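Contents: one structure, followed by commentary.
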Amino acid sequence: MTGPVPRDVDAKKLTIIGAGIVGICSGLEAIKAGYQVTIVDRLPPGAATSHGNAGVVSPWSVVPQALPGLWKSVPKWFLDPHGPVKVRWRDLPTTLPWVAAFFRHANAKEATRISNAMAYLVRDNQEIYAGLLGEAGRPDLLRSSDMITVSRSPRRPDLQDIGSRLRQRHGAKLEVLTGDELREIEPFLSKEIRFGVATKNQSRCMDPGEICKVLARHFENQSGVILHQNVKAIVPKENGGFVLQCEGSELFAQRLLLAAGAWSSKLLRPLGINLPLIGERGYHLIFKDPQVTVNNSISDGDAKIILSEMTTGVRIAGTAEFADPDAAPNYARAKALQPLAKRLLPGLNTEPQVEWMGVRPSYPDNLPTIGPLGKFNGLFGAFGHSHYGFGMAPQTARLAVKLITGQSPNEDLSSVSFSRYGE
């Protein structure tokens, strides 16, 4: 360690671990609340999971992964080496308890409860992002776009499945389109597609990683500080605050917000906090010279993938691989996305392409932890957003900062409270 640990007793200073989209949005929100904010991360802003998502920003992202009847699909998913779900054998001891807990939420009552909590966390996300990007001078990075969920079945969707009902319950407008109607909107869509359901009035990020960078610069322009340090441990001090043990140095934080995604549980474990947070790794491919146009986000429900056009090319994202967050990527999972993209867009040019892997921080109930963490005064969390982190980040930031400042939001926070899993 180098030098003495600086003491900071100013309650209007906040340290955030994590420069992903949740940490950056929280930093901007805390500055608005009058805090001096320092963000600490071993990687540049938005270089990890926030970089590689499907780019959907929607107030209708209110459908949890655990739904009634999902168990029927699990055997074929696990047996297919290129299917949407994979578990590495070495990770089975930690994965199986999580999977069992996940399926305990796969019923109509739990789906409704979780959906209500999700609806709060995605509330106003388009408007908040538009405001932040406008302040930062890059409103072009968010574009209006429907989500079109396509089907090859000859049966017309009746919008009575549980996912459609949950979305409509929270105000989504859904429209059923025939294959021919879809191809008027998306001319390059495969003729295999017989129907689609368009979820209206949402947005698409034109480059999620660039949004993180732009908002990070906006944060720094407002006197926010970003430190590139690898935090190895959090050590509570008897007289208050925390020492962040980094590689070669120490930092002092009077108040600390942990927004380190899937790595949050590793930092908390030495403090006696054990949470069922798992690394759910996702992969994407970017086709840099696609030679087709995609006007909306397109979801293939059977393959569990989403395809969108961004400034960097056409991106296809999906798959869930349960493995240690620090394990080496298995890029065969990314390569397996190429035929799925070609099946949706037969005219797609797939070369050159860029492959990528990121780690989603997932709880069994798909909801994050937001707020105080256990007995440690001044320690707060904002992590565990599963597949929904980019869409939930603005509202998560507002809620986290309210709790840090001691305000009591007029919401039931039990669904995102630390106490649902810890003590």
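Not measured: the values here are computed from a predicted model.
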Nearest-0.5 Å distance, CD1 of residue I24 to CG of residue L132: 11.0 Å

Side-chain heavy atoms of F383 within contact of L275, under 4.5 Å: yes

K237 side chain vs A253 backbone, donor-acceptor pair below 3.5 Å: no

Any P409 side-chain heavy atom under 4.5 Å of L403 side chain: yes

Nearest non-hydrogen partners of E280 and F322, listed with the distance: CG-CE2, 3.9 Å

Whether W98 side chain and S362 backbone form a donor-acceptor pair below 3.5 Å: yes

Closest non-hydrogen atom pair between Q395 and L121, with its separation: CB-O, 3.1 Å

D158, CG: over 12 other non-hydrogen atoms inside 6.0 angstrom: yes

R398/D124 under salt bridge (charged side-chain N to carboxylate O under 4.0 Å, His left out): CA gap, chis, key distance, verdict: CA-CA 11 Å; R398 289 189 169 183; D124 302 326; 5.2 Å; no

Geometric class of the F390/Y129 ring pair [parallel <30°, tilted 30-60°, perpendicular >60°]: parallel

Check: N116 main-chain N/O paired with R169 side-chain donor or acceptor under 3.5 Å: no

Donor-acceptor pair, side chain of E186 and main chain of N296, under 3.5 angstrom: yes

Residue pair Q222, L28: steps toward the side chain to side chain contact (heavy atoms under 4.5 Å, CB included) verdict: CA-CA 8 Å; Q222 297 182 71; L28 286 165; 3.4 Å; yes

Heavy-atom closest pair, residues A262 and G279: CB-CA, 4.4 Å

Side chain to side chain donor-acceptor pair (under 3.5 Å) partners of D207, counting only residues at least two apart: none

Beyond-backbone contact of H218 with R138, side-chain heavy atoms, under 4.5 angstrom: no

Over all atoms of both residues, closest heavy-atom pair of H385 and G389: CB-CA, 3.5 Å

Candidate pair L307 and D300, rule side chain to side chain contact (heavy atoms under 4.5 Å, CB included), full reasoning: CA-CA 8 Å; L307 189 147; D300 186 330; over 6 Å; no

I17 side, atom CD1; C246 side, atom SG - distance, nearest 0.5 Å: 8.0 Å

Heavy-atom closest pair, residues A111 and A66: CB-O, 4.4 Å

Sub-4.5 Å side-chain heavy-atom contact between T149 and P157: no

Geometric cation-pi criterion, R420 with Y363: 6.0 Å, 45°: yes

Any donor-acceptor pair under 3.5 Å from D161 side chain to S164 backbone: yes

Worked check of side chain to side chain contact (heavy atoms under 4.5 Å, CB included) between R281 and R333: CA-CA 10 Å; R281 293 152 33 123; R333 300 286 295 164; over 6 Å; no

Minimum side-chain heavy-atom gap T396-C25 below 4.5 Å: no

Reported OG-to-CD1 distance for the pair S264 and I234, which is rounded to 0.5 angstrom: 8.0 Å

Nearest heavy-atom neighbours spanning E355 and A334: CB-CB, 3.9 Å

Short N-O contact, E210 and R217, less than 4.0 angstrom: yes

Nearest-0.5 Å distance that lies between atom CD1 in I306 and atom NE2 in H284: 13.5 Å

Donor + acceptor pair across side chains of E29, Y35 (<3.5 Å): no

R165 atom CZ, over 12 foreign heavy atoms within 6.0 Å: yes

Check: G46 main-chain N/O paired with K213 side-chain donor or acceptor under 3.5 Å: no

T405 side-chain N/O to V401 backbone N/O, donor-acceptor pair under 3.5 Å: yes

Residue from L267, D41, L258, L251 passing side chain to side chain contact (heavy atoms under 4.5 Å, CB included) with V231: L267

Test: R113 and D412 ion pair at under 4.0 Å: no

Check: V57 main-chain N/O paired with N125 side-chain donor or acceptor under 3.5 Å: no

Gap separating the CE atom of M147 from the CG atom of L174, nearest 0.5 angstrom: 12.0 Å

N366 side chain near H105 side chain, heavy-atom distance below 4.5 Å: no

No-hydrogen, no-angle side-chain donor-acceptor test under 3.5 Å, S417 and S419: yes

Cation-pi geometry met for R315 and W356 (6.0 Å, 45°): no

E321 side chain vs P329 backbone, donor-acceptor pair below 3.5 Å: no

Pairwise side-chain contact, L277 with Y421, heavy-atom cut-off 4.5 Å (strictly under): no

No-hydrogen, no-angle side-chain donor-acceptor test under 3.5 Å, N230 and E247: yes

Heavy-atom side-chain contact between E411 and K402 under 4.5 Å: no

Candidate pair I305 and L344, rule side chain to side chain contact (heavy atoms under 4.5 Å, CB included), full reasoning: CA-CA 11 Å; I305 55 93; L344 274 177; 3.7 Å; yes

Summary of side chain to side chain donor-acceptor pair (under 3.5 Å) pairs that have at least one residue in residues 48-60, sequence neighbours excluded: S58-Q202

Interatomic spacing from CG in L189 to CG in L345 - rounded to 0.5 Å: 6.5 Å

Heavy-atom donor-acceptor pair, Q245 side chain to A233 backbone, under 3.5 Å: no

